[in-house]
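Heads up: the structure comes next, in structure tokens.
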Amino acid sequence: MSENVISLHKSPDPEPPAGTAGVTTLTVVPDPASARPVPLWVRSGRAVRTVVTHESTKATVRAVARHGLYTVNGGRIVARRTWDGRTGARYERMIRTAEAAGNLEAAEEWEERLQRFRQARHHRRMDLLHSPVEAAKGLAVGTGVSIGALIALGIVMAINTGRPVDVLTPLDATIDFINLLIRIVQVVWGPMLTIGPFLALLALWTVGNKQQAAPQWALPANVRSGEGEPITPSIVVKALRDLGVPALRKAITEMGDAGASMLGPIRIAGCGVEVDVTLPSGVATNEVQGKRRKLAENLTRHEHEVFITIPQAARTVRLWIADSGALDEPIGPSPLVTDESMTADYTKGKAPWGQDLRGDAAALSLYQRHLLITGLSNQGKTVALRSLALWLSLDKSVQFLMGDLKGVGDWAMFDGLATTLIQGPTDEHVIQVTEMVEGAVDEMNRRIQAPPGTVFPPLIVLVDEAQVAFMCPAKDEDKRPYGGSKANSRYFMAVRKIHNQGRAVNVLMWQGTQDPTNENLPKLVREGAHTRASLALGTESQARMALGDKAVDGGAAPNLLRPGLDRGTLVVASDGVTIPAGQSSITVRTHYIDDDAAEAVTDRAKALRDGVTTLHAIERGEGHDPLADIAAVIGDAPRVRTKDVLARLATRNADAYGGWSFIDLKRVLDDAGAEPYKSDGVMVVAHDRVARALANRDNEGSASADG
């Protein structure tokens with residue numbers, strides 16, 4: 001029978017296309033009534049496939065396989081333990097492991113233990129040959145003594161009751177008790193023979209379940225993921241074995257289960273654990289370093305939760321493995337915020353910066369160290385740099401020259417604390433910051449020319465978003481560029497001069513910059529910093545620019561930090577922070593200090609000082625009034641030390657006052673009648689005297705004009 005109906009009809013189009021008029025159209029119309037039904041075997045196959053692929057079926061199959069393998073592998077584990085306990089197999093594995101690791105002393109020690117084990121086993125076996133005779137003798141003696149004791153007890157009872165038959169009463173009671181025990185065993189023996197095998201299987205299943213002795217595909221989802229799985233020696237050894245390093249895998253395979261002898265003790269270290277791994281001969285440390293992601297996944301961790309460093313010991317890598325999710329938890333507040341009585345000591349103190357991965361406090365010494373912090377945008381660079389400046393501001397001897405080339409108010413709380421504070425992103429702001437740094441160079445030169453032994457207060461020259469200065473295209477009237485890295489680049493050369501000589505006279509350069517490249521962070525500038533720190537970066541080449549080749553080759557990897565998620569986490573290379581022996585860097589999770597908390601800290605810092613007049617621009621021009629400038633740099637403070645006045649004058653106008661000495665300052669003040677004097681053993685300039693001299697001069701000028 002046909003399954004379709006073929007209909008013949010004329011084209012209904014009243015105006016058919018040219019060349020098609022009168023053409024008869026054949027249309028094939030399916031006949032629903034004649035549709036062939038789906039065969040039964042096809043429907044049955046679909047149903048079977050649905051059942052087989054259903055999630056419940058998969059879960060059932062996994063459960064059956066899992067529990068069956070728990071029992072089988074549990075029996076294998078028990079048999080292995082029994083064999084190890086009865087033979088010297090364990091000692092032999094340890095000997096092979098020590099030999100594979102090249103540790104001959106350990107191999108000899110394990111061989112001695114094996115000999116002692118064999119001797120003790122021989123003595124036990126020899127004792128078994130004589131034990132039947134000794135047991136029979138002991139049984140005979142024990143039985144005789146027991147019967148004698150029972151009869152003696154019966155005699156006592158008979159004397160007490162006056163009935164001779166009581167002599168046998170204890171012996172009869174003992175015989176009855178033994179008969180009762182025999183009957184109990186007869187009753188229980190049958191069920192025990194039936195239940196015993198099931199109890200044995202249950203014990204084997206328990207062992208297998210505890211060891212999770214089943215393939216990964218058969219384990220439950222929560223166990224299969226391994227999330228939060230504790231780190232044990234066997235897990236570390238398996239992770240190293242499956243790392244894809246042939247020599248390492250071969251060595252561990254030859255070691256057997258005793259591969260854990262490569263490991264040092266697993267120590268709790270902060271929010272994770274730490275273990276040293278002595279690699280077998282033929283395996284280099286960089287082969288393990290280069291497979292950090294695979295090692296982390298073998299340990300059921302994310303890549304950012306495993307850090308690999310190189311300690312002092314040869315052929316050794318140090319693994320720090322975080323608890324799952326622990327690095328996503330914030331650390332506590334900064335001591336700067338919680339301890340309102342905290343002060344700073346530039347020379348001997350350390351800034352509380354954050355915590356290392358072990359959970360220990362990470363403090364940084366700032367004494368005579370140039371500083372560079374870099375990283376991608378919006379990763380916490382300004383906050384990390386600002387927290388160091390906040391701590392140092394609590395030392396009232398420290399002076400600040402600050403340039404914020406972002407200009408959004410991140411450093412506004414230092415107004416009234418810094419001698420100079422320039423904020424803004426334009427070329428004009430770069431020019432101002434460049435002249436500020438050049439003024440610091442003049443101050444540095446003045447200090448260098450001072451008599452030997454002179455102690456100078458710390459002067460911190462801080463530039464945030466320094467890449468804006470290096471990339472500035474502006475030029476001065478002599479066609480010298482402000483930006484760039486050439487010999488005539490003004491900002492570059494000023495920074496280089498401070499790096500070269502500033503440390504000796506406590507003039508220090510701090511810079512924060514984004515996304516380092518050779519264009520926005522020249523090589524000579526980054527290598528001039530004593531303390532180099534980096535937040536998350538994009539590539540390994542940028543990490544080398546930020547921290548140097550030595551730190552990166554030693555395991556530093558800011559390029560593996562997660563942008564956004566690891567905000568505020570720094571990799572630091574510096575001798576100013578405590579770094580574990582043998583390592584070249586340390587990872588620090590910095591405390592977050594928001595703007596309000598930062599203002600509270602600077603308010604405390606301002607209370608420690610006599611008052612600072614902050615300049616927001618570098619004044620230019622030939623004309624200047626020394627007495628007025630002295631009054632301006634003194635501000636509202638009742639008195640200021642003469643050397644501080646000289647430093648502030650040089651910052652205010654380097655061309656006019658950069659070469660001034662105490663004699664020049666004294667000459668101007670003596671002429672005006674505002675002579676400096678000693679207070680607490682140091683020469684100071686009094687605010688009242690300078691203000692009175694200015695007022696008298698103005699009055700004299702007014703009188704002359706009236707006359």
Between D680 and R639, does any side-chain N to carboxylate O distance fall below 4.0 Å? no
With no hydrogens and no angle check, is any side-chain donor or acceptor of T531 less than 3.5 Å from a backbone partner on S574? no
Contact check, side chains of I422 and M402, non-hydrogen atoms, under 4.5 Å: no
Would you compute the distance between atom CG of L390 and atom NE2 of H591 and round it to the nearest 0.5 angstrom? 13.0 Å
May I ask you to decide whether R369 forms a salt bridge with D575, counting only side-chain N to carboxylate O separations under 4.0 Å? yes
Apply salt bridge (charged side-chain N to carboxylate O under 4.0 Å, His left out) to K406 and D410, showing your working. CA-CA 8 Å; K406 184 188 296 181; D410 289 335; 3.5 Å; yes
What I'd like to find out is whether the side chain of L388 reaches to under 4.5 Å of the side chain of L371, using heavy atoms alone. yes
Will you find, in the side chains of Y657 and D664, an N or O donor that is under 3.5 Å from an N or O acceptor? no
Give a yes or no on whether the backbone of A418 and the side-chain of T614 come within a donor-acceptor separation of less than 3.5 Å. yes
If only side-chain N and O atoms count, and only distance matters, is there a donor-acceptor pair under 3.5 Å linking T382 with D464? yes
Under 3.5 Å, is there a donor-acceptor pair between the side chain of R526 and the main chain of L521? yes
Okay, side chain of Q379, backbone of G564: is any donor-acceptor separation there less than 3.5 Å? yes
Across all chains, not counting sequence neighbours, the ring-ring contact (aromatic ring centres under 6.0 Å, His included) partners of H687 are none
Interatomic spacing from OG in S584 to CD1 in I579 - rounded to 0.5 Å: 7.0 Å
Assess whether side-chain contact (heavy atoms from CB on, under 4.5 Å) is satisfied between L535 and I373, documenting all intermediate values. CA-CA 8 Å; L535 296 111; I373 298 180; 4.0 Å; yes
Dump the intermediate steps for salt bridge (charged side-chain N to carboxylate O under 4.0 Å, His left out) on D644 and R641, then the final yes or no. CA-CA 5 Å; D644 292 342; R641 292 184 294 182; 3.3 Å; yes
Rounded to the nearest 0.5 Å, what's the gap from CE on M683 to NZ on K666? Could you check? 7.0 Å
Taking only Lys NZ, Arg NE, NH1 and NH2, and the carboxylate oxygens of Asp or Glu, determine whether K396 and D610 approach each other closer than 4.0 Å. no
Do R692 and D688 sit within salt-bridge range, that is, some charged N less than 4.0 Å from a carboxylate O? no
Might you confirm whether atom NZ of K643 has over 12 heavy atoms from other residues, nucleotides or ligands at distances under 6.0 Å? yes
Mark yes or no for whether R604, through its side chain, and S341, through its backbone, hold a donor-acceptor pair below 3.5 Å. no
Please check if the side chain of H370 supplies one atom and the backbone of H530 the other of a donor-acceptor pair under 3.5 Å. no
For the residue pair T569 and L561, establish whether any side-chain heavy-atom pair is separated by less than 4.5 Å. yes
With heavy-atom distances below 4.5 Å as the criterion, would you say the side chains of P516 and L537 are in contact? yes
Quick check on D636: does its CG atom have over 12 non-hydrogen neighbours (other residues, nucleotides or ligands) under 6.0 Å away? no
After noting the C-alpha distance and the side-chain angles of R609 and D395, does the key distance pass the salt bridge (charged side-chain N to carboxylate O under 4.0 Å, His left out) rule? CA-CA 9 Å; R609 302 169 188 252; D395 184 340; over 6 Å; no
Under 3.5 Å: donor-acceptor pair, side chain of W320, backbone of I308: no
Picking from T517, D515, T374, N559, what satisfies side-chain hydrogen bond (donor to acceptor under 3.5 Å, both in side chains) with Q542? D515
Ignoring hydrogens and angles, state whether a donor on the side chain of Q467 or E465 is under 3.5 Å from an acceptor on the partner side chain. yes
Table please: side-chain donor-acceptor pairs of residues 469-478 below 3.5 Å, with sequence neighbours left out.
from: D476; atom 1: OD1; to: D478; atom 2: N; distance (Å): 3.0
from: D476; atom 1: OD1; to: K479; atom 2: N; distance (Å): 3.1
from: D476; atom 1: OD1; to: R480; atom 2: N; distance (Å): 2.7
from: D476; atom 1: OD2; to: R490; atom 2: NH1; distance (Å): 3.1

Q511 CD to H499 NE2 distance, which is reported to the nearest 0.5 Å: 5.5 Å
Counting N and O atoms only, with roles assigned by atom type, does the side chain of S489 sit under 3.5 Å from a partner on the main chain of Y491, one being a donor and the other an acceptor? no
Side chain to side chain donor-acceptor pair (under 3.5 Å) between Q355 and D360, worked out: CA-CA 5 Å; Q355 294 179 359; D360 299 329; over 6 Å; no
Residue list, salt bridge (charged side-chain N to carboxylate O under 4.0 Å, His left out) with K486, at least two apart or on another chain: none
Look at the side chain of T590 and the backbone N and O of G568, then say whether any donor-acceptor pair between them is shorter than 3.5 Å. yes
